[in-house]
There are 2 protein chains.
Amino acid sequence: MTRKVVELLASHGIQPSAHRVAVAQYVLTTDEHPSADRVWSRVRERFPMISRATVYNALNLFVEKNLLCELHLAPDSVVFDPNMGRHHHVIDDESGRIYDLPWDQVQVRNIGTINDFEIRDYQVVMHGRRKARKRS
Amino acid sequence: MTRKVVELLASHGIQPSAHRVAVAQYVLTTDEHPSADRVWSRVRERFPMISRATVYNALNLFVEKNLLCELHLAPDSVVFDPNMGRHHHVIDDESGRIYDLPWDQVQVRNIGTINDFEIRDYQVVMHGRRKARKRS
DNA sequence: TGCCGGACTTAGACGATGTCTAATTGCCGA
DNA sequence: TCGGCAATTAGACATCGTCTAAGTCCGGCA
């Protein structure tokens with residue numbers, strides 16, 4: 001797994017230093033949409049001497065190199081999303097957690113009719129409550 | 001105009017103090033989606049001794065009383081939107097400015113097919129470039 | 001008129017978040 | 001081994017928003 005991450009970083013033009021690999025290993029495999037400081041504390045669990053600046057540097061570098069998306073959706077959370085495929089987001093009003101929703105699950109019509117803007121990208125942002133999932 | 005604002009505040013259960021009216025007068029009539037600190041500096045132009053806490057208090061109160069929407073869409077900007085009707089947003093990648101788009105301009109299908117969440121609200125968030133508008 | 005109480009406002013401290021800088025470390029090639 | 005460059009570091013700094021404790025304003029009441 002570490003090998004895969006190293007290759008992934010390299011293939012995006014990023015020197016795979018030990019610290020960067022540690023950050024990547026966590027942030028690329030989580031689905032919890034962590035904030036930068038959350039990434040820091042997570043990575044520190046295994047890498048206690050890593051500094052905040054290094055984590056921020058790594059995250060910003062990953063975003064710049066298109067390995068991560070930076071999301072600005074909800075209060076108190078600029079957040080990182082390793083899911084680079086197109087998808088929508090649902091924000092749970094109670095917990096503040098962000099969930100991914102498959103691109104095909106909803107469709108947006110008439111983006112083409114917008115005249116004043118050249119739309120490069122879009123997504124649907126939903127707010128709601130996560131349903132208590134069945135036990136079945 | 002001041003009279004209208006006073007009535008509006010009162011009708012939402014807000015004591016219309018002089019400072020609150022000043023904040024409301026600016027934030028309810030602008031379309032620039034200002035950040036809280038931007039509101040502060042704008043209001044200070046006419047009301048130089050108003051403190052930051054007062055502006056923040058007023059804005060939070062307005063949000064709580066459904067006079068304003070708080071938007072969390074873009075980097076560096078939690079932002080306030082006096083347009084309480086449903087609408088979508090376009091973010092200009094160059095300037096970072098946020099524009100409103102009428103609700104009818106695009107349609108979203110299949111929200112009803114989402115099983116894991118009870119969707120309370122949604123909107124389409126677009127990124128793009130504002131076209132240089134014709135001179136005609 | 002003078003006093004009281006509650007709502008409003010204030011300055012500034014505070015905590016959280018993110019950036020910057022200067023110094024240090026570590027690695028690699030000559 | 002040495003030199004140089006990239007990566008990393010601690011900590012200072014800026015910004016944003018909240019909180020607190022004190023001060024001000026104003027209406028009601030004697």
Side-chain angles (χ1 to χ4, degrees), chain A residues 2 5-6 9-10 12-27 32-44 46-65 67-81 96 98, chain B residues 5-6 9-10 12-27 33-44 46-65 67-81 96 98:
Chain A
T2 298
V5 172
V6 170
L9 294 187
H12 283 254
I14 300 168
Q15 272 299 333
S17 74
H19 287 172
R20 286 174 183 169
V21 170
V23 172
Q25 219 154 58
Y26 165 64
V27 82
E32 58 182 1
H33 297 89
S35 70
D37 263 38
R38 176 151 192 79
V39 174
W40 185 36
S41 55
R42 286 293 203 185
V43 172
R44 249 183 321 172
R46 318 174 128 241
F47 233 115
M49 0 58 59
I50 195 170
S51 86
R52 203 148 67 105
T54 300
V55 173
Y56 277 81
N57 287 344
L59 289 173
N60 289 339
L61 185 64
F62 294 171
V63 169
E64 190 185 315
K65 299 294 190 179
L67 212 62
L68 279 184
C69 250
E70 218 177 340
L71 299 178
H72 307 263
L73 296 177
D76 291 325
S77 56
V78 176
V79 123
F80 297 90
D81 192 343
I98 297 173
Chain B
V5 172
V6 170
L9 294 187
H12 283 253
I14 300 168
Q15 273 297 335
S17 75
H19 287 173
R20 286 174 182 169
V21 170
V23 172
Q25 218 153 60
Y26 165 65
V27 82
H33 297 89
S35 70
D37 263 38
R38 178 152 190 77
V39 175
W40 184 36
S41 56
R42 286 294 204 183
V43 172
R44 250 183 321 173
R46 318 174 127 238
F47 232 115
M49 0 59 59
I50 194 169
S51 86
R52 201 148 66 105
T54 300
V55 173
Y56 277 80
N57 287 344
L59 291 172
N60 290 339
L61 185 64
F62 294 172
V63 169
E64 190 185 315
K65 299 292 190 180
L67 214 60
L68 279 184
C69 251
E70 218 176 339
L71 299 179
H72 307 262
L73 296 177
D76 291 326
S77 56
V78 177
V79 123
F80 297 91
D81 192 342
I98 296 173

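Per chain, numbering begins at 1; letters A, B, ... match sequence-line order. Note that the structure is predicted; figures quoted are calculated from it, not measured.
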Open item on the list: If the cut-off is 4.0 Å, is B:S17 near the phosphate of C:dT9, judged by side-chain N/O to OP1 or OP2?
Closed with: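 B:S17 to C:dT9 OP1/OP2: side-chain N or O found under 4.0 Å.
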Open item on the list: Is the phosphate of C:dT17 approached by A:S35 (side-chain N or O, under 4.0 Å from OP1 or OP2)?
Closed with: no
Between [options], which one does the side chain of [X] approach most closely?
| X | options | result |
| --- | --- | --- |
| A:I50 | D:dA7, C:dC8, D:dT9 | D:dT9 |
| A:R20 | D:dT9, D:dT8, C:dA11 | D:dT8 |
| A:H19 | D:dG17, D:dT9, C:dC8 | D:dT9 |

TODO: Return the minimal non-hydrogen interatomic distance between B:F47 and B:A22, and the atom names on each side.
DONE: CD1-CB, 3.4 Å
Task: Gap separating the CG atom of B:L71 from the CG atom of A:L73, nearest 0.5 angstrom - done: 12.0 Å
Any non-hydrogen side-chain atom of [X] less than 4.5 Å from a side-chain atom of [Y]?
| X | Y | value |
| --- | --- | --- |
| A:V43 | A:V27 | no |
| A:R20 | A:F62 | yes |
| A:H19 | A:M49 | yes |
| A:H33 | A:R38 | no |

TODO: Identify whether any heavy atom of B:T54 sits under 4.0 Å from a base atom; if not, whether one sits that close to sugar-phosphate; answer base, sugar-phosphate or nothing.
DONE: base
Nearest whole angstrom, please: distance from the [atom2] of [N] to the [atom1] of [X].
| X | N | atom1 | atom2 | value |
| --- | --- | --- | --- | --- |
| A:L9 | D:dA6 | CG | P | 18 Å |
| A:Q15 | C:dG26 | CD | P | 17 Å |
| A:M49 | D:dG11 | CE | P | 15 Å |
| B:I14 | C:dT9 | CD1 | P | 12 Å |
| B:L61 | C:dT9 | CG | C1' | 14 Å |

Task: Member of A:I50, A:V39, A:V55 meeting the side chain to side chain contact (heavy atoms under 4.5 Å, CB included) criterion with A:R44 - done: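 With A:R44 as partner, side chain to side chain contact (heavy atoms under 4.5 Å, CB included) holds for just one option, A:I50.
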What does the list of N/O pairs under 3.5 Å between the protein and nucleotides 25-28 of chain D look like, with a distance for each?
none

Open item on the list: Show, in sequence, the C-alpha distance, side-chain angles and deciding distance for B:V23 and B:T54, and conclude whether the side-chain contact (heavy atoms from CB on, under 4.5 Å) test is met.
Closed with: CA-CA 9 Å; B:V23 172; B:T54 300; 5.9 Å; no
Please write out each protein N/O paired with an N/O of nucleotides 19-24 of chain C under 3.5 Å, distance rounded to 0.1 Å.
residue	atom	partner	partner atom	Å
C:dT19	OP2	A:N60	ND2	3.3

Task: Residue closer to the 5' end of DNA chain C, B:V55 versus A:D37 (nearest nucleotide) - done: B:V55
- [ ] Show your reasoning for whether side-chain contact (heavy atoms from CB on, under 4.5 Å) applies to A:L9 and A:K65.
- [x] CA-CA 9 Å; A:L9 294 187; A:K65 299 294 190 179; over 6 Å; no
